[in-house]
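What you see below is based on every heavy atom in this structure, not just the backbone, and it leaves out hydrogens, waters and symmetry mates.
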Amino acid sequence: MYSNSEVHLILGGARSGKSRLAQQRAEHWLQNNNAGGLAYLATATAGDEEMFSRIARHQGDRDQRWQTIEEPIALAEALDAAPHSHCVLVDCLTLWLSNCIHQGVWERERDALLQCVDLRRNDPKNSVSPWILLAMKLDLG
């Protein structure tokens, strides 16, 4: 389904099953590879009860194969530090963007992420496993 050097984007409305789909695809990738692992890079912060509940539900959906990395701002840094043998699922770019704008660091973090993706795509030794990036399509609900 996914080759090792790919970066994938899954778009969908809020609560549309993006995380579930991405998780299934990552687990399928793991089943078809002899080495590697799974990393869930979470950008959400629990600012209220609803988000706290959503985060807890997502955590409960993952089994022991998943390594959780929580990083609401420094996404490029977290991606670079993630194990290169792991399929990394980033949930979600929309929340990351909101966090960056709120903290006044959008331009810096955007540039760092674009550089990180370019390095990955252009340097085969950095492309050990796929990245799956999720984003909300806000006009879908």
Side-chain angles (χ1 to χ4, degrees), residues 1-48 50-141:
M1 178 177 290
Y2 289 146
S3 72
N4 285 343
S5 64
E6 295 178 342
V7 177
H8 303 270
L9 177 64
I10 296 177
L11 294 171
R15 297 172 191 81
S16 64
K18 296 178 302 298
S19 297
R20 182 175 47 253
L21 174 64
Q23 189 172 321
Q24 289 169 347
R25 290 190 175 180
E27 290 170 353
H28 183 264
W29 174 86
L30 183 63
Q31 285 178 336
N32 292 307
N33 288 278
N34 294 331
L38 300 169
Y40 189 97
L41 205 164
T43 65
T45 58
D48 59 28
E50 180 185 0
M51 268 316 271
F52 183 82
S53 295
R54 289 180 66 199
I55 290 169
R57 182 175 43 80
H58 278 268
Q59 290 170 337
D61 289 342
R62 298 188 302 273
D63 61 28
Q64 74 283 352
R65 296 175 293 174
W66 288 88
Q67 172 188 353
T68 300
I69 304 164
E70 296 178 353
E71 180 49 61
I73 301 289
L75 182 56
E77 190 176 308
L79 283 165
D80 190 49
H84 290 270
S85 62
H86 285 42
C87 176
V88 180
L89 189 165
V90 176
D91 193 359
C92 109
L93 292 178
T94 307
L95 294 174
W96 168 73
L97 168 64
S98 177
N99 294 338
C100 290
I101 290 171
H102 182 72
Q103 295 296 320
V105 296
W106 164 239
E107 289 84 7
R108 180 190 76 204
E109 294 302 324
R110 175 202 59 208
D111 292 347
L113 180 61
L114 291 173
Q115 182 179 19
C116 183
V117 170
D118 282 346
L119 286 172
R120 179 178 179 80
R121 293 181 58 97
N122 295 321
D123 187 353
K125 69 179 181 228
N126 287 331
S127 302
V128 177
S129 57
W131 289 349
I132 304 171
L133 312 175
L134 304 184
M136 284 185 276
K137 193 156 179 339
L138 300 177
D139 63 340
L140 293 178

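Taking all atoms of both residues into account, the shortest heavy-atom contact from Glu109 to Ala74 is OE1-CA, 3.5 Å. Nearest approach of Gly36 to Trp29, heavy atoms of both residues: CA-CH2, 4.5 Å. Minimum interatomic distance between Ile73 and Gln103 (heavy atoms only, all atoms of both residues): CD1-CG, 3.6 Å. Considering every non-hydrogen atom in both His86 and Ala39, the closest pair reads CD2-N, 4.0 Å. Between Met136 and Ala14, the closest heavy-atom pair is SD-CB, 4.0 Å. Nearest heavy atoms, Ala26 versus Cys87: CB-SG, 3.7 Å.
Every residue two or more places apart in sequence or in another chain that forms a salt bridge (Lys or Arg N to Asp or Glu O under 4.0 Å) with Glu27 is listed here: Arg65. Residues satisfying the salt bridge (Lys or Arg N to Asp or Glu O under 4.0 Å) criterion with Arg20, sequence neighbours excluded, are absent altogether.
Distance check, rounded to the nearest 0.5 Å: CG of Leu9 to CG of Leu134 gives 8.0 Å. Atom CD1 in Ile69 sits 12.0 Å away from atom OH in Tyr40 (nearest 0.5 Å). Annotation: the span from Ser16 atom OG to Leu21 atom CG amounts to 9.0 Å, rounded to 0.5 Å. The structure places CD1 of Ile10 at 12.0 Å from SG of Cys92, a figure rounded to the nearest 0.5 Å. Between Arg62 atom CZ and Gln23 atom CD the span is 7.0 Å, to the nearest 0.5 Å. In this structure, CG in Leu38 is found 10.0 Å from OG in Ser85, a value given to the nearest 0.5 Å.
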Just do the salt bridge (charged side-chain N to carboxylate O under 4.0 Å, His left out) check on Arg15 and Glu50 with the steps written out, would you? CA-CA 12 Å; Arg15 297 172 191 81; Glu50 180 185 0; 2.2 Å; yes
Does the pair Leu79 and Val88 meet the rule for a side chain to side chain contact (heavy atoms under 4.5 Å, CB included), with working shown? CA-CA 8 Å; Leu79 283 165; Val88 180; 3.7 Å; yes
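For the pair Arg110 and Cys100, the minimum side-chain heavy-atom distance is 4.5 Å or more. In this structure, Leu93 and Leu97 have side chains that are not in contact, with every pair of non-hydrogen atoms separated by 4.5 Å or more.
Considering Leu75, Thr68, Ile132, Leu89 as possible partners of Leu41, the one that fulfils the side chain to side chain contact (heavy atoms under 4.5 Å, CB included) test is Leu75.
Among residue pairs with one or both ends in residues 94-123, those qualifying as ring-ring contact (aromatic ring centres under 6.0 Å, His included) are Trp96-Trp106; sequence neighbours excluded.
Within the 3.5 Å criterion, the main-chain N or O of Ala42 finds no donor-acceptor partner in the side chain of Asp91.
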